[in-house]
Amino acid sequence: MHENFSLKSFNTFGVDANARYFTEVNSVEELIKTLKLSNSQTFPLLFLGGGSNILLTRDFDGLAIQLHLKGISEEIINENEVLVTAKAGENWHELVLFCLNKNYGGLENLSLIPGNVGTSPMQNIGAYGTEIKDVFANCKILNLETLEIENFNLEQCRFGYRDSIFKQEGKGKYVILEVTFRLTRKNHSIKTEYGAIKTELEILGIENPTIQDISKAVINIRQSKLPDPKVIGNAGSFFKNPTIPLLKFEDLKQKFSTIQGYPNGNSVKVPAGWLIEQCGWKGKQIGNVASHQLQSLVIINATGNATGKEIFDFSAMIIDSVKEKFGIELEREVNIV
């Protein structure tokens, strides 16, 4: 166990914040042993995965635990279905590539999303028409109160848009140890309707795409407009796309004729990136922080020297300006510590 440990390399923003204590665990047994020790000392706990969806606004006066649980297994269910289980510490994109190599379908639209498997159900991560809940079978979790291992099914996880029980009433109560996905072996569902996938496939000269082709298209799109966290600090999309009542959207349409929206019954999902861009934030920099020049939804550590508080304050200014102009309050997708 380390004291006064820098977490700069453990968060993709590259924010230099310290944890009072830090340790890495490589097995469930090590994790339980560490938690028993921390319970005796009543330390606040911070669990770290890939660090891709966290903003450290201060030093952490407790124990930070890096979950380094590794392993991928598979179970053939029938001619067309397979269950793939990955431990929490597995890199998400490497899991996607593993499945594509086996020709297992379902995760291809989620290619190149940063982070580890263990945090994927927390956010119900999604991209280009697919969310975790679409392929989720179950997950194994550790109850932090009882230190007993439990299994959660799809219903128990209460998935919503970038949401789950792990971000709501279960926040701070459970640690995800592994996740199992139900994927296809033959009759794959090819999803090309969302975003620029069709356009990218045309550029690639592909008319009848495979799941591997979909992954390639998604990777190309993401690389063309999203900054690599290894090059410039960021946490991907910083805000959720807000959902507003249909009547409110129609009112806004009268004032802003080019406003974008995706109707769903009596509500409409509005792209947060469009709202932010309309408020003049795209590419704008204040001090060490900026909105990315190609995707305003992404806040970046522009100089590499930004503090978490600077990034948080920058996001607050964006929220205020969008609310003032459109009457819509953006919600941060990134977890704030």
Side-chain angles (χ1 to χ4, degrees), residues 5-19 48-60 64 66 91-94 96-97 110-116 119-120 123 125-128 162 195-196 200 215-241 271-319 321-322 330-337:
F5 188 84
S6 173
L7 300 178
K8 185 172 184 177
S9 62
F10 291 87
N11 70 97
T12 57
F13 263 120
V15 168
D16 194 7
N18 289 342
L48 298 170
S52 62
N53 197 51
I54 188 173
L55 175 62
L56 300 169
T57 60
R58 54 182 170 79
D59 288 341
F60 183 70
Q66 170 72 20
N91 176 270
W92 175 261
H93 184 59
E94 289 180 9
V96 174
L97 295 179
L110 304 177
S111 296
L112 210 62
I113 291 179
N116 289 355
T119 52
S120 62
Q123 296 290 119
I125 62 171
Y128 301 102
R162 302 297 175 270
E200 184 61 29
S215 175
K216 177 62 176 174
V218 168
I219 290 172
N220 288 353
I221 295 167
R222 293 184 71 91
Q223 288 180 334
S224 71
K225 64 179 184 178
L226 296 175
D228 185 347
K230 294 177 182 178
V231 177
I232 187 163
N234 74 92
S237 298
F238 197 92
F239 302 99
K240 295 181 180 181
N241 292 319
W274 185 90
L275 297 170
I276 295 167
E277 186 173 342
Q278 297 305 304
C279 291
W281 286 97
K282 190 173 185 179
K284 184 173 182 178
Q285 181 170 340
I286 298 177
N288 295 309
V289 188
S291 174
H292 193 256
Q293 59 184 358
L294 298 180
Q295 175 52 272
S296 57
L297 195 57
V298 178
I299 295 177
I300 60 173
N301 184 349
T303 65
N305 298 315
T307 65
K309 186 178 185 305
E310 284 180 285
I311 296 170
F312 182 86
D313 291 346
F314 187 91
S315 72
M317 287 187 281
I318 291 177
I319 291 172
S321 64
V322 169
L330 295 181
E331 183 180 350
R332 296 177 181 89
E333 184 175 328
V334 173
N335 293 306
I336 309 298
V337 176

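Predicted, not measured: the structure shown is a model, and the values here were computed from it.
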Check: Taking the side chain from S52 and the backbone from A235, do they hold a donor-acceptor pair closer than 3.5 Å?
Finding: no
Check: Which atoms form the tightest heavy-atom contact between F10 and Q66, and what is the distance?
Finding: CD2-OE1, 3.4 Å
Check: Under 3.5 Å, is there a donor-acceptor pair between the side chain of D59 and the main chain of A17?
Finding: no
Note to self: Has N288 got a side-chain atom pairing as donor or acceptor with T303's backbone, closer than 3.5 angstrom?
What the structure shows: no
Notebook entry, point to check: Does F312 have any ring-ring contact (aromatic ring centres under 6.0 Å, His included) partners at least two apart in sequence or in another chain, and if so, which?
Noted result: none
Note to self: Go through it in stages, so that I can follow the logic: the residues are F60 and N18, the test is side chain to side chain contact (heavy atoms under 4.5 Å, CB included), and I'd like the CA-CA distance, side-chain angles, deciding distance and then a yes or no.
What the structure shows: CA-CA 6 Å; F60 183 70; N18 289 342; over 6 Å; no
Atom pairs and distances, side-chain donor-acceptor, residues 271-284, under 3.5 Å, sequence neighbours left out:
unit_1: W281; atom_1: NE1; unit_2: S321; atom_2: OG; d: 2.7

Item checked: Side-chain touch F239/I319, heavy atoms, less than 4.5 angstrom -> yes
Next item on the list: Mind checking the OG-CG spacing from S111 to L97? Nearest 0.5 Å is all I need.
Entry: 7.0 Å
Next item on the list: Would you check, one step at a time, whether the test side chain to side chain contact (heavy atoms under 4.5 Å, CB included) holds for L7 with L48?
Entry: CA-CA 10 Å; L7 300 178; L48 298 170; 4.0 Å; yes
Note to self: Quick check for you: to the nearest 0.5 Å, what is the distance between R222 atom CZ and I113 atom CD1?
What the structure shows: 5.0 Å
Notebook entry, point to check: Are the side chain of S6 and the backbone N or O of K8 linked by a donor-acceptor pair below 3.5 Å?
Noted result: yes
Next item on the list: Report yes if some heavy atom in the side chain of I318 is under 4.5 Å from a heavy atom in the side chain of I299; otherwise report no.
Entry: yes
Note to self: Enumerate the salt bridge (charged side-chain N to carboxylate O under 4.0 Å, His left out) contacts for residues 296-311, please, sequence neighbours excluded, ordered by first and then second residue.
What the structure shows: K309-D313
Notebook entry, point to check: After noting the C-alpha distance and the side-chain angles of F238 and L55, does the key distance pass the side chain to side chain contact (heavy atoms under 4.5 Å, CB included) rule?
Noted result: CA-CA 10 Å; F238 197 92; L55 175 62; 4.1 Å; yes
Notebook entry, point to check: Are any of the side-chain nitrogens in E331 or K240 under 4.0 Å away from the carboxylate oxygens of its partner?
Noted result: yes
Next item on the list: Run the numbers on N116 and W92 for side chain to side chain contact (heavy atoms under 4.5 Å, CB included), then give the verdict.
Entry: CA-CA 5 Å; N116 289 355; W92 175 261; over 6 Å; no
Next item on the list: Search all heavy atoms of T12 against all heavy atoms of P229 and return the closest pair with its distance.
Entry: CB-CB, 3.8 Å
Notebook entry, point to check: NZ/K225 to CD/Q295 distance, rounded to the nearest 0.5 angstrom?
Noted result: 5.5 Å
Item checked: I219 side chain near H93 side chain, heavy-atom distance below 4.5 Å -> yes
Check: What are the two closest non-hydrogen atoms of R162 and I125, and how far apart are they?
Finding: NH1-C, 4.2 Å
Item checked: Reference residue I300; test side chain to side chain contact (heavy atoms under 4.5 Å, CB included); the match among I311, I232, V231 -> I232
Margin query: With rounding to the nearest 0.5 angstrom, report the CG to CG distance, L297 to N241.
Written below: 6.5 Å
Notebook entry, point to check: Is a donor on one side and an acceptor on the other found under 3.5 Å between the side chain of N220 and the backbone of S224?
Noted result: no
Check: Does some side-chain heavy atom of V298 sit less than 4.5 Å from a side-chain heavy atom of L226?
Finding: yes
Next item on the list: Measure from the side-chain N and O atoms of Q285 to the backbone N and O of G287, and report whether any donor-acceptor pair falls under 3.5 Å.
Entry: yes
Check: Quick one: does D16's side chain have a donor or acceptor within less than 3.5 Å of a partner on T307's backbone?
Finding: no
Checklist line | Criterion side chain to side chain donor-acceptor pair (under 3.5 Å) on N53 and E333, from CA distance to verdict | finding: CA-CA 8 Å; N53 197 51; E333 184 175 328; 5.6 Å; no
